[in-house]
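One structure coming up, written as structure tokens, with questions to follow.
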There are 2 protein chains.
Amino acid sequence: MDVKTACLGVLSLGDATGYEIKKQFEDGPFSHFFQAGFGSIYPALNDLLANGLVTRADPGLDGRADRKVYAITDAGQRALTRSLAEPAPSDKIRSDALVMLSFAEHMTEAHRTEIFDFYLNDVRERARRLAENTPEDDTSHRAVIAGLGHAIYETFARYLAENRTAFLNAANEATDPPEADRPVLTHKNADHTGTPS
Amino acid sequence: MDVKTACLGVLSLGDATGYEIKKQFEDGPFSHFFQAGFGSIYPALNDLLANGLVTRADPGLDGRADRKVYAITDAGQRALTRSLAEPAPSDKIRSDALVMLSFAEHMTEAHRTEIFDFYLNDVRERARRLAENTPEDDTSHRAVIAGLGHAIYETFARYLAENRTAFLNAANEATDPPEADRPVLTHKNADHTGTPS
DNA sequence: CGAGACATGTAACCGGTTACATGATTAC
DNA sequence: GTAATCATGTAACCGGTTACATGTCTCG
């Protein structure tokens with residue numbers, strides 16, 4: 001599922017400019033499962049055009065001079081169907097925040113609380129925006145997929161909220177050099193240069 | 001959160017070989033949020049070594065001649081802490097299967113059912129493996145994060161199971177050329193070469 | 001008239017994936 | 001002995017991100 005295929009998919013729902021395709025990636029029903037920037041969309045579109053999978057309505061003819069409206073061709077439709085017939089690679093969830101929180105024992109208490117709460121807030125925000133973008137009455141298959149995104153982020157938010165204190169307490173106990181619990185008393189090993197043994 | 005930092009994180013939990021680090025990435029508490037192959041791990045380790053962030057116990061001294069055991073240094077520990085102090089980029093969930101299912105109207109009924117069920121099964125499998133790898137009595141902060149992974153996949157599985165028929169029915173209604181409902185009657189537009197207008 | 005959204009593109013860069021190549025050790 | 005697992009690495013490739021560069025249109 002490269003950017004080209006995703007563009008074809010969006011165009012199968014209706015004609016659009018590159019800019020509009022990007023918005024679909026951001027607000028559409030699968031916004032949570034896929035993302036792409038202009039730097040990949042525009043080249044992808046030109047490639048599709050060169051291969052006859054889309055057509056481009058030359059700008060200037062209708063309305064604005066700087067809009068290039070793309071439309072999928074029959075060949076494009078078939079290419080899309082072909083791509084959709086291939087087995088899908090398995091999901092990749094990449095969450096730097098959660099990996100970082102896995103190593104929360106190396107952070108100060110303040111910092112880990114900050115990251116945790118920032119993350120919780122971010123997830124809540126996403127869940128909210130998702131609910132907002134999903135019309136209640138839509139029963140299409142695409143809406144089912146969008147609903148899954150919503151369910152996921154709700155779960156994220158609920159789990160984090162429920163386990164907040166458990167996480168923070170456990171992390172506090174695991175913290176290596178409490179940094180403050182060890183006053184200047186013993187020795188000044190605060191600037192050892194890390195020379196390996 | 002590049003591979004180097006992740007390696008440092010794993011090494012902060014104990015010495016390990018590159019091979020073992022990879023296993024941590026696969027089975028450890030954040031396996032669902034991060035992944036890396038040998039092609040990135042080994043170069044990363046060499047880079048860390050060159051920068052004095054880890055040490056390498058020369059093989060041959062203890063036991064097997066082909067094991068290179070890495071250990072984090074003080075400098076490495078500090079570098080890790082520094083990385084952990086930076087703001088985390090937001091999550092990226094990339095699910096080709098779900099994007100593909102978003103366009104299920106371009107698939108045959110059989111194929112979309114197959115993809116859906118395969119995906120459902122995959123998600124269930126992951127949830128199961130996750131539950132299996134997580135000891136019940138672990139109350140550490142890392143276990144909380146691992147528990148989140150578990151909760152997520154459970155949600156995935158439950159949602160998919162609950163909405164299976166709704167999804168398949170909706171997709172059936174939206175299917176464009178039912179391919180079979182349109183016999184050879186009208187015309188042979190099955191091999192138009194998609195010439196753009 | 002100015003701010004903000006709309007709109008398109010290029011080029012360098014970078015990090016990770018893939019494929020390839022090799023060999024030791026362990027358990028059956 | 002032989003298969004599976006353990007173990008390490010390299011090099012080409014590739015796709016996407018980032019930063020840059022530019023210009024239009026609309027609304028207040």
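Naming: A, B, ... by sequence-line order, numbering from 1 per chain. As a basis for the values below, the full set of heavy atoms in this structure was taken, side chains included, without hydrogen atoms, waters or symmetry mates.
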> Of all the nucleotides listed (C:dG9, C:dG23, D:dT10), which has the minimum atom distance to the side chain of A:Asn46?
Replying inline: C:dG9

>> Students often get this wrong, so: under 4.0 angstrom with heavy atoms, is B:Lys23 touching a base, only sugar-phosphate, or nothing?
In response: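 The answer is sugar-phosphate, as B:Lys23 gets under 4.0 Å only of primed atoms, P, OP1 or OP2.
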
>> Could you tell me how far apart A:Leu45 (CG) and C:dT8 (P) are, to the nearest whole angstrom?
In response: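 For the pair A:Leu45 CG and C:dT8 P, the rounded distance is 8 Å.
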
> Taking NZ, NE, NH1 and NH2 as the nitrogens, is one of them in A:Arg158 or A:Glu154 under 4.0 Å from a carboxylate oxygen of the other?
Replying inline: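 No salt bridge links A:Arg158 with A:Glu154.
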
>> So that I can tick it off, tell me whether B:Asp122 and B:Arg124 are bridged by a salt bridge, with the cut-off set at under 4.0 angstrom between side-chain N and carboxylate O.
In response: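 Looking at B:Arg124 and B:Asp122, the cut-off is not met.
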
> Could you give the OH-to-P distance, from B:Tyr19 to C:dT25, as a whole number of Å?
Replying inline: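 After rounding, the reported distance stands at 15 Å.
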
> Base, sugar-phosphate, or nothing for A:Tyr70, non-hydrogen atoms under 4.0 angstrom?
Replying inline: sugar-phosphate

>> Tell me the interatomic distance from A:Ile41, atom CD1, to D:dT17, atom P, rounded to whole angstroms.
In response: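 A:Ile41 atom CD1 is separated from D:dT17 atom P by 9 Å.
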
> So what does A:Gly39 touch, heavy atoms closer than 4.0 Å: a base, only the sugar-phosphate, or nothing?
Replying inline: base

>> If you compare every side-chain N and O of B:Thr17 against the phosphate oxygens of D:dT8 (OP1, OP2), does one of them come in below 4.0 Å?
In response: yes

> From A:Phe30 CZ over to A:Ile145 CD1, what is the distance, rounded to the nearest 0.5 angstrom?
Replying inline: 11.0 Å

> Whole Å only: how far is the OH atom of B:Tyr42 from the P atom of D:dA11?
Replying inline: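 Value for this atom pair: 16 Å.
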
> What integer distance in Å separates B:Lys92:NZ from D:dG15:C1'?
Replying inline: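 After rounding, the reported distance stands at 15 Å.
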
> In Å, rounded to the nearest 0.5 Å, how long is the span from NZ of A:Lys92 to OG of B:Ser95?
Replying inline: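 Separation between the atoms: 10.5 Å.
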
>> If you assign B:Phe38 and B:Arg94 each to the DNA chain D nucleotide with the nearest heavy atom, which residue ends up on the more 5' nucleotide?
In response: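 Result: B:Phe38.
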
>> Rounded to whole Å, how long is the line connecting atom CD of B:Glu26 with atom P of D:dT5?
In response: 13 Å

> Should the pair A:Phe25 and A:Phe34 be assigned to parallel (<30°), tilted (30 to 60°) or perpendicular (>60°) ring geometry?
Replying inline: perpendicular

> What is the distance, rounded to the nearest whole Å, between atom CG of B:Asp47 and atom C1' of C:dG15?
Replying inline: 12 Å

>> What contact category does A:Phe25 fall into here, base, sugar-phosphate, or nothing, at under 4.0 angstrom with non-hydrogen atoms?
In response: nothing

>> Closest approach to the side chain of B:Ser40, judged atom by atom: which nucleotide of C:dA24, C:dG16, D:dT10 is it?
In response: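 For the B:Ser40 side chain, the nearest candidate turns out to be C:dG16.
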
> Roughly how many Å is it from CD in A:Gln35 to P in D:dG15, rounded to a whole number?
Replying inline: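 Atom-to-atom, A:Gln35 to D:dG15, this comes out as 17 Å.
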
>> Of the listed nucleotides (C:dA7, C:dG16, D:dT10), which one gets closest to any side-chain atom of A:Arg67?
In response: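 Nucleotide nearest to A:Arg67's side chain: C:dA7.
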
